[in-house]
Asks: 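Please read through the structure below; I'll follow up with questions.
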Amino acid sequence: MNPEATIILIGILVSWTCGLLGVFLVVRRMSMLGDAISHAVLPGIVLSYLFMGERNSILLMAGAALSGVLVTVLIETLTRKARMQEQASVGISFTLFFAIGIILVSLYSGNVDIDADCVLYGEIAMTPFDKWSWMQRDMGSRHLAVLTGVLMVLGAAIFMGYKGLMVTSFNAEFALASGVAAAAWHYVLMSGVALVTVVSFEAVGAILVVGFLAIPPATAWIWTKRLPNMILLTLLFGALSAVSGFYVARLLDSSISASMTVVALLIFLFSLLLQKVKQKRVLDPGRQRSPHQVFYKR
Amino acid sequence: MSTFLEFFSLTDPNIRAVVLSCMLLGGTASVVGVFGFLRKKSLVGEAVAHSMLPGIGMAFLISGTREPAILVLGAVVSGWLSIVLMDWISRQKPMKPDLSMAITLTGFFGLGVMLLTHIQRGQYGDHSGLDHYIFGNAAAMTQTDAVTFGGLALFVLIVQLMALKEFTLVSFNRDFAVANGLPTRALDILLNSLNILAIAAGIKAVGLVLMASLLLIPAAASRFWSKRMKQMVVLSAFFGALSGVLGCFISFLSKGMPTGPVIVVVLVTTTAVGILFAPVRGMYARHRRSRSRANRMLAENLAKVLYQKGEKAGNFELYVELGALRQSLNISRKTLLRSVRLAMARGWLIPKMGEVRLTVNGAKVGHKVNRLHRLWEIYMARKAGTPLKYVHQTAEVIEHLLTPEIADEMRRELGLCESFDPKSEIHQRSA
């Protein structure tokens, strides 16, 4: 496969894995928690690098998922036990984790081949050249393979757990009353976010992960309120921003992953404006005022 | 040690300028942050700080210089734009504040990264040092930087402190502020501007990724020590300034270490001390309070049951077997032993070979608890119309909490005389 197609495909896969989770984060009003977790996996990633000295092992993912879950536990503890405001405990917890991660990166920058900037915005342009082989045969880009695998696992998990996720997202009391383990779903979702961050951060960095977690689902939410439609639209918008982001980046000669985020934001703003125009037309057809309305206006 | 002395003796004019500037901007950000924290908008600063990146890139592209004043101007402009956009998005139909925050943050930051990579790859002259604005590097600050950022911080601090009373009013009692003829809208805009300027002052030393934590963490920490606005402001300014200086120091010690993360770790450490050991709101203090309350309840329950048994037998100094006590209290063996220990420490019990009896003081406590329990039951049954079946459950808890004043009030409302001492009729009937 040629490098360009690989990059675009990786962009689409990242947008899909993030979007699938993002839909649930958005309807649960937990978008900033997604932001927090995708920052907080950093120390887990760096420590796993240091100890394993190898990329993308299962242990690396486990380490990152563990630090993602740890930060949610810390947030819960601060809110419940220390009675701190929720926003404040989110802010403190993830900046602490992120800061520790950055310190580790700069302490061991000799041993670890990630740097602080790469953590934030990745380098998707390098992904096609990072290949893997199986039985002496070239199998193409390693990221592509990993992302495909994760997308499939995630898709299957969401398909099977759809009911539980939906019930706990939209009607927490009902879920509690009918014995659905809401807390368990919460942690499933959070570890999912951590996992997605790990597999995508090398390619696209934490910021694009957060962007794809929030922006395409939010755009889909403007157009529909039904969850299945929302998921489909999220996938559509995600793919759209990945593809056009790539070409925008080439046009302007700048970071590909950042361009994808910006395009996603533009699509979002465009949708919002379009929706606003539509609403106005419904409320005020033709924008004609009857004579006495004009009279009262004066 | 020599580095320590070199740093803290402040003989090098460059170090002196940078340290002073870090101290100022740390303190200022923390003072401004108190408002955001108390209005429960702590994460807004996070979004605004990230959103300053495109402004920096744009300012560089337009002006072609790395003059800190110009870059800060760009940062402030794009910070303001992000606030306006965030506010607009969150007012649209299905959107929510946290979602609009996440969207604005990533969108603006993405734009900033686009601009920076574009600058790095194109022919735009000397652009080195622009990436210091992301994670911050106090050691790389020049004297001009220090003066610019420190001056900005000082300006913000002065304005903030001058209008502290007005800001407090607008933030926490808007109606009163309007009634007093304060220009609330103008004050809102001013407060937002100060927030943005305070963040902008720190982007070189702390970096925009972690600058927001300087607004949030000291404020959150000071909340554990005080609930008064003025004390919180002073405390959080102290925390912020301290962490600014320490972060600066560590950044000087090892050149590769970015300042922002170090400051965050220092801040969180000081906060953790407050969370754990602050006198009233700290976790340890709260734990001790709830433990002592639980202990008193255990001992009182024991005295109550012994008193009831004594009441039945007509002898309050009756020896009761521990097994029988356990049965009536319905608690585990361990809890029973603990209760006995606690009651003995209070001088309410006398033990004898697997049996216990009340002392005079213990009988008094048992009498008091029982009286409150029954009084509450009567009150609930007569005044609140609670079915007899349920009066006992609430009484089990309230008997430990009722003060003599409330009990007296209840008795008077029930029309009972002062010496009224309810026996266990209702209790027995409902059981």
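By convention in this document, chain letters (A, B, ...) are assigned in the order of the sequence lines, proteins followed by strands, and residues within each chain are numbered from 1. Computed from a predicted model, the values in this text were never measured in an experiment.
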Asks: Got more than 12 heavy atoms from elsewhere within 6.0 Å of CZ, B/R91?
Replies: yes
Asks: How far does CD1 of B/I89 sit from CG of A/L265, to the nearest 0.5 angstrom?
Replies: 6.5 Å
Asks: Please report the closest heavy-atom contact between B/F37 and A/A88, naming both atoms and the distance.
Replies: CE1-CB, 3.5 Å
Asks: Considering only heavy atoms and a distance below 4.5 Å, find which of A/S89, A/G34, A/G91, A/A82 pairs most often with chain B.
Replies: A/A82
Asks: Quick check: closest heavy atoms across A/G211 and B/T106, and the distance to 0.1 Å?
Replies: N-CG2, 3.4 Å
Asks: With a 4.5 Å heavy-atom cut-off, do A/V210 and B/F109 have their side chains touching?
Replies: no
Asks: Using non-hydrogen atoms only, which part of A/V263 is less than 4.5 Å away from chain B: side chain, backbone, both, or neither?
Replies: neither
Asks: Measure the spacing between CG of A/L213 and CD1 of B/I103 and express it to the nearest 0.5 Å.
Replies: 11.5 Å
Asks: Using a 4.5 Å cut-off on heavy atoms from C-beta on, say whether the side chain of A/L269 contacts that of B/L85.
Replies: yes
Asks: Does any backbone or side-chain atom of B/L216 lie under 4.5 Å from a heavy atom of chain A? Answer side chain, backbone, both or neither.
Replies: side chain
Asks: What's the separation between atom CZ in A/R29 and atom CG in B/D98, rounded to the nearest 0.5 Å?
Replies: 8.0 Å
Asks: Applying a heavy-atom distance below 4.5 Å, give me the residues of residues 281-290 of chain B that approach chain A, sorted by number.
Replies: B/M283, B/R286
Asks: Heavy-atom cut-off 4.5 Å, strictly under: side chain, backbone, both or neither for A/L78 against chain B?
Replies: side chain
Asks: Check whether any side-chain heavy atom of B/L99 lies under 4.5 Å from a side-chain heavy atom of A/W221, and answer yes or no.
Replies: yes
Asks: How far does NE2 of B/H118 sit from OG of A/S259, to the nearest 0.5 angstrom?
Replies: 10.5 Å
Asks: For residues A/Q85 and B/L38, report the shortest heavy-atom separation together with the two atoms involved.
Replies: NE2-CA, 4.3 Å
Asks: Please walk me through it: do A/D35 and B/M101 pass side-chain contact (heavy atoms from CB on, under 4.5 Å)?
Replies: CA-CA 10 Å; A/D35 179 67; B/M101 240 185 282; over 6 Å; no
Asks: What part of A/F97 gets within 4.5 angstrom of chain B, counting heavy atoms only: side chain, backbone, both, or neither?
Replies: neither
Asks: Do the side chains of B/E46 and A/T95 get nearer than 4.5 Å, heavy atoms only?
Replies: yes
Asks: Report the distance from atom CG of A/L272 to atom CD of B/Q92, rounding to the nearest 0.5 Å.
Replies: 5.0 Å
Asks: Could you tell me which non-hydrogen atom of B/M95 sits nearest to which non-hydrogen atom of A/A218, and how far apart they are?
Replies: CE-O, 3.5 Å
Asks: Let me confirm one number: the CZ-OG distance from A/F94 to B/S213, rounded to the nearest 0.5 Å.
Replies: 9.0 Å
Asks: When you look at B/I275 and A/K81, which way does the side-chain contact (heavy atoms from CB on, under 4.5 Å) test go after all the steps?
Replies: CA-CA 10 Å; B/I275 291 176; A/K81 293 272 162 61; over 6 Å; no
Asks: Please give me the minimum heavy-atom distance between B/T117 and A/S254, naming the atom from each residue.
Replies: OG1-CB, 3.4 Å
Asks: Side chains of A/V26 and B/K96, heavy atoms from C-beta outward: is any pair under 4.5 Å?
Replies: no
Asks: Heavy-atom count check: over 12 atoms from other residues, nucleotides or ligands less than 6.0 Å from B/M229 CE?
Replies: yes
Asks: Between B/L210 and chain A, which part of the residue has a heavy atom less than 4.5 Å away: side chain, backbone, both or neither?
Replies: side chain
Asks: Can you establish whether the number of heavy atoms outside A/K225 located under 6.0 Å from its atom NZ is more than 12?
Replies: yes
Asks: Go through B/V264, B/L105, B/I263 and name the one with the most non-hydrogen pairs under 4.5 angstrom from chain A.
Replies: B/V264
Asks: How far apart are the closest heavy atoms of A/S255 and B/M114, and which atoms are they?
Replies: O-CG, 4.2 Å
Asks: Between A/I103 and B/V262, is there a side-chain heavy-atom distance shorter than 4.5 Å?
Replies: yes
